[in-house]
Every structure is written in C-alpha cells, then in structure tokens.
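First comes the structure, then the notes that go with it.
In what follows, chains carry the letters A, B, and so on, assigned in the order in which the sequence lines appear, proteins first and then strands, with residues in each chain numbered from 1.
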2 protein chains.
Amino acid sequence: MFVLEKQRQRAPSARSLQTRARILDAAELVFAERGFEGASIRDIAHLAGVQVGLVAHHGGSKEELFHLIVARRAGELSRLRINALEAARASAPLDLATILDCFIRPYVELAQGGDSHWVAYGRLVAHVSADPRWRDLAAECFDRTAQRFIAEIAALFPGAGPGTVAAGQVYAVSAMLAHVHSAWRIGALSPGSDAVGLDRLIAFCTAGVYAILTSDG
Amino acid sequence: MFVLEKQRQRAPSARSLQTRARILDAAELVFAERGFEGASIRDIAHLAGVQVGLVAHHGGSKEELFHLIVARRAGELSRLRINALEAARASAPLDLATILDCFIRPYVELAQGGDSHWVAYGRLVAHVSADPRWRDLAAECFDRTAQRFIAEIAALFPGAGPGTVAAGQVYAVSAMLAHVHSAWRIGALSPGSDAVGLDRLIAFCTAGVYAILTSDG
DNA sequence: GTCTATAATGAGATAGAC
DNA sequence: GTCTATCTCATTATAGAC
C-alpha cells in the first residue's frame with residue numbers, strides 16, 4: 001500500500017489527508033445543522049479552518065460533498081450493525097428484540113457517547129429520509145442493510161406481509177432518529193426527566209413491531 | 001363583520017383575499033418540498049401565479065411567511081384533535097388506543113385524503129421538529145396540544161414517569177410523520193404493498209407506548 | 001496542496017408607477 | 001392591490017499565483 005512513487009503519481013500527503021478529514025467533518029456538522037440548501041460552502045470552510053476553494057478541491061461540488069459524508073458514515077454504521085447481528089446470531093437464535101437491538105443500539109450508543117458527529121449524522125439521515133430529492137442516495141446508502149434486517153424479521157413472522165415488516169422498520173428508524181435528534185423535544189415536554197432511555201426506545205420499537213406483525217395476515 | 005367603510009379603512013377585496021390564499025398555499029408546498037432555505041420567494045410567486053413583490057406584501061418576510069403557514073395549519077389540526085378527544089370522552093372512558101387514535105387519525109386521514117397541502121404540512125412539521133432553529137415556533141404551535149394528550153395518557157398510567165410519557169408521544173409523532181412523508185420509503189423497501197395502513201400505524205404506536213409505560217416505575 | 005481573487009448566478013427586499 | 005424594476009448581498013464554482 002505504501003508505494004514510493006510520489007513523483008509519478010500524486011500521493012496524498014499527511015497534511016492533505018488531514019485537511020480533507022477536517023473538511024468532511026465540518027461539512028457533516030454544517031449540513032446536519034442547516035440542511036443541504038441552508039449550508040454554505042463558506043460556513044464549512046470557516047468551521048474547518050481552511051480556505052473556501054479547498055472545499056471544492058477535496059469534496060467536489062456541494063452535492064458530491066453531501067453524498068460523500070452520508071455514504072461514509074452509512075457504510076461504517078452498516079458494518080457495525082451487521083457485525084452485531086452476526087455476533088448475536090452466533091450466541092443464540094435471533095428473536096425480534098435482539099434484531100431490533102442490533103439495528104438500534106450501535107447508532108444510539110455512538111450518538112449518546114458524546115461524539116457530535118454521530119448526532120449530526122442522525123440529522124443528516126432525517127434530512128435524507130424526509131426529502132424525495134435524496135431518494136437515490138437513500139437507496140444506495142440505507143437500503144441494503146435495511147433489507148437485511150427486514151429479511152431477518154420477516155423470517156420470524158412468516159404470516160406477515162412484506163409491507164408490514166417494512167412499515168415497522170421505517171417506524172422504528174423514525175423513532176430512533178427522534179430519540180436522538182428530538183431529545184430536546186422530550187426534555188421540553190417533560191422537565192427533569194433522565195433523557196437516556198435507550199432500552200426504553202428499543203422496548204417501544206419491539207412492542208410496536210411485534211404488535212403489527214402478529215395482527216397481520 | 002361586513003362593515004361598509006371601504007373608503008376609510010382598507011377592506012380586503014375578494015381579489016386580494018384570493019391572491020393571499022394562493023400565495024399561502026403555494027408557500028406551503030414550496031417550503032415543504034425544499035425546506036426553508038431551499039425555498040425561494042420567486043418559486044413561491046411563480047407557483048402562485050403572482051408577481052414576486054406580492055409575496056412580501058401578503059406574507060411579510062420569508063420567516064414571517066413560514067411562521068404564518070405553519071401556525072395556520074397547526075391551529076386547525078389542534079382543534080380537530082381536541083374535538084376528537086372530547087367526542088371520544090363523551091361516549092366512553094378514554095383508553096390509550098383511543099387517545100392515540102384521536103391524535104393520529106385526524107392528521108393521517110387528512111394527509112391520505114388526497115389534499116396535497118396536508119401532506120406538505122407533515123413535511124413542514126418534520127422540518128420544524130428536526131431543526132432547533134424553530135424551537136420557539138414548535139413550542140408555540142405544537143406544545144399545548146401535545147401537553148394535553150400527554151396529560152391524558154399520564155392519567156391512565158400513574159406509575160409512569162413524565163419522561164416516559166413524553167418519549168412515547170415523541171416516538172408516536174415521529175412514526176406518524178414517517179408514515180406520511182416516508183411512505184415512499186416503505187414502498188421502496190417492500191414493492192407491491194398496500195401502503196395505507198392507518199390502523200397499523202395506530203396499533204404500532206399503541207403497543208409501543210403501552211410497553212414502555214407498563215414497564216416503567 | 002494551498003490560497004487569493006473573481007466570475008456568474010440567484011437570492012430577499014423595496015421603491016415607485018399604475 | 002398590483003406590478004415592474006432595481007438594489008444589495010450571499011452564494012457556488014473556478015482560474016491562476018505561490
């Protein structure tokens with residue numbers, strides 16, 4: 001991997017990689033905070049501490065940059081989820097609560113672990129899911145893993161229609177995102193609550209999904 | 001109400017009211033489709049079929065216009081929800097499923113009834129809920145009714161903490177919004193499904209809320 | 001790779017004619 | 001009330017110096 005032909009081909013210097021990472025990280029925060037249209041390349045550059053032109057240099061156009069940062073985290077998160085699923089399957093037969101736990105817990109623990117970029121990613125996903133403009137991006141980044149989990153759940157409930165499983169998945173994801181990025185709303189509606197509640201979230205989703213799957217067909 | 005002093009004070013003509021309504025309706029669709037920053041006054045004017053200057057004349061600044069259209073529908077929807085709650089209470093003691101039904105059904109039926117403006121309103125609410133920038137607007141437009149429903153639910157489950165009830169409410173609302181504005185995702189994940197499923201949505205929320213309330217405290 | 005400067009576009013808001 | 005025209009500002013993207 002470490003070829004020494006820096007003369008012939010451009011080998012990204014450590015400095016370059018660091019700049020690129022700073023730009024992507026800043027873009028993540030700004031896009032999440034203000035949405036695609038509300039974010040400006042200037043804000044991203046300012047937050048990253050680089051010059052405006054560098055953003056285009058490392059991230060391409062605004063749309064390419066957006067695509068880049070969503071795909072980056074989506075890929076990482078998908079791996080974590082699939083790994084959790086495989087680990088759980090290795091230790092015991094999968095049940096509904098475990099499957100949903102494998103989907104929900106990796107992300108929520110990252111988001112609640114103090115990494116603002118994972119909180120930001122949740123908002124990004126909300127933006128992508130809400131806007132049909134990002135339909136292709138959503139399909140590319142989310143669908144493979146979502147389909148995988150849907151198939152696992154469907155295998156447990158052979159009588160349920162595919163639309164019911166998909167609906168449960170979408171509802172669960174939306175509750176998960178609300179849990180992270182609308183925590184301020186929960187707090188506003190109930191002053192003085194604990195506000196952690198990952199197990200509570202998973203219990204909510206499990207009971208909801210179970211209810212619609214067992215009443216189906 | 002119909003005073004005849006059109007000479008002294010400006011009495012809005014029928015034409016004016018119609019123009020104003022067209023502008024508000026167009027703004028609703030454009031804001032919902034592209035978000036606050038992504039929407040342009042020019043697009044709104046074009047969709048409404050009026051000149052650009054008229055938007056500012058009838059809607060004020062861009063922020064005022066946004067506030068106006070959100071508050072308008074939120075007020076109407078709140079009335080429908082409270083009316084449903086009172087009607088249900090009059091006929092039978094309230095249970096959890098009924099309370100959630102009174103909250104969810106009025107909106108989803110409007111959105112699924114073919115009125116694109118109510119679908120658009122769902123997207124607007126998603127934008128408002130996701131962006132802390134609209135915290136005050138959310139508090140002004142949503143909190144009173146949400147608190148009312150939270151209180152009704154809390155009365156049924158005296159042992160549950162207030163944070164749990166609020167969390168259930170937020171999860172249910174997010175699932176409801178996902179049901180409407182991410183219907184395309186459910187369809188994408190399960191080709192050929194029916195895609196109506198209001199009862200299914202209410203069953204999901206009821207089971208989820210019930211689960212976290214009964215396991216609490 | 002990095003930075004400066006600028007081009008080209010589109011935005012919101014407003015003044016004034018009709 | 002309506003419409004035209006324009007002001008001012010911020011945006012993305014890019015060309016070129018170092």
key: Phosphate contact (D:dT2 OP1 or OP2) by B:His58 side-chain N/O below 4.0 Å   = yes
inquiry  = Strictly below 4.0 Å, N to O, side chains only: are B:Glu63 and B:Arg133 in salt-bridge contact?
reply    = yes
Distance, rounded to the nearest Å, where B:His57 contributes NE2 and C:dG16 contributes C1' = 13 Å
request  = Could you please name the option among C:dA13, D:dA13, C:dG1 that lies closest to any side-chain atom of B:Ser61?
outcome  = C:dA13
ask   = CD1 of A:Ile44 versus P of D:dA13: gap in Å, rounded?
value = 10 Å
request  = Select one nucleotide: of D:dA13, C:dC3, C:dT2, the one nearest the side-chain heavy atoms of A:Gln51.
outcome  = C:dC3
task = Compute both the distance and the angle, then confirm whether A:Arg73 meets the cation-pi test with A:Tyr121: under 6.0 Å from the six-membered ring centre, within 45 degrees of the axis.
result = no
query = Which atoms form the tightest heavy-atom contact between B:Gly122 and B:Leu177, and what is the distance?
reply = O-CD2, 3.7 Å
inquiry  = So, under a plain 3.5 Å distance rule, would you say the side chain of B:Arg42 forms a donor-acceptor pair with the base of C:dG10?
reply    = no
inquiry  = What is the distance, to the nearest angstrom, from the CZ atom on A:Arg15 to the C1' atom on C:dC3?
reply    = 10 Å
task = Determine, for B:Glu109 against B:Arg81, whether the closest basic-nitrogen to carboxylate-oxygen distance falls under 4.0 angstrom.
result = no
task = Identify which nucleotide among C:dG12, D:dC3, D:dT11 has an atom closest to any side-chain atom of A:Ser40, counting heavy atoms from C-beta outward.
result = D:dT11
query = Just how far, in rounded Å, is P of D:dT2 from CZ of B:Arg20?
reply = 12 Å
ask   = Roughly how many Å is it from CD in B:Glu63 to P in C:dG12, rounded to a whole number?
value = 12 Å
note = Looking only at C:dT2, C:dG12, D:dT14, the nucleotide nearest the A:Ala56 side chain is D:dT14
inquiry  = What's B:Ala39 touching, base or sugar-phosphate or nothing? Going by heavy atoms closer than 4.0 Å.
reply    = sugar-phosphate
inquiry  = The side chain of B:Leu54 is closest to which nucleotide in this list: D:dT6, C:dT2, D:dT2?
reply    = D:dT2
5' precedence on DNA chain D between A:Gly53 and A:Asp43 (nearest-nucleotide basis) = A:Asp43
Distance in angstrom units between B:Phe31 CZ and C:dA11 C1', rounded = 13 Å
ask   = To the side chain of B:Ser16, which of C:dT2, D:dG1, C:dA13 is closest?
value = D:dG1
key: Salt bridge flag under 4.0 Å for residues B:Arg105 and B:Asp199   = yes
message = Does D:dT2 have its OP1 or OP2 closer than 4.0 Å to a side-chain nitrogen or oxygen of B:Thr19?
response = yes
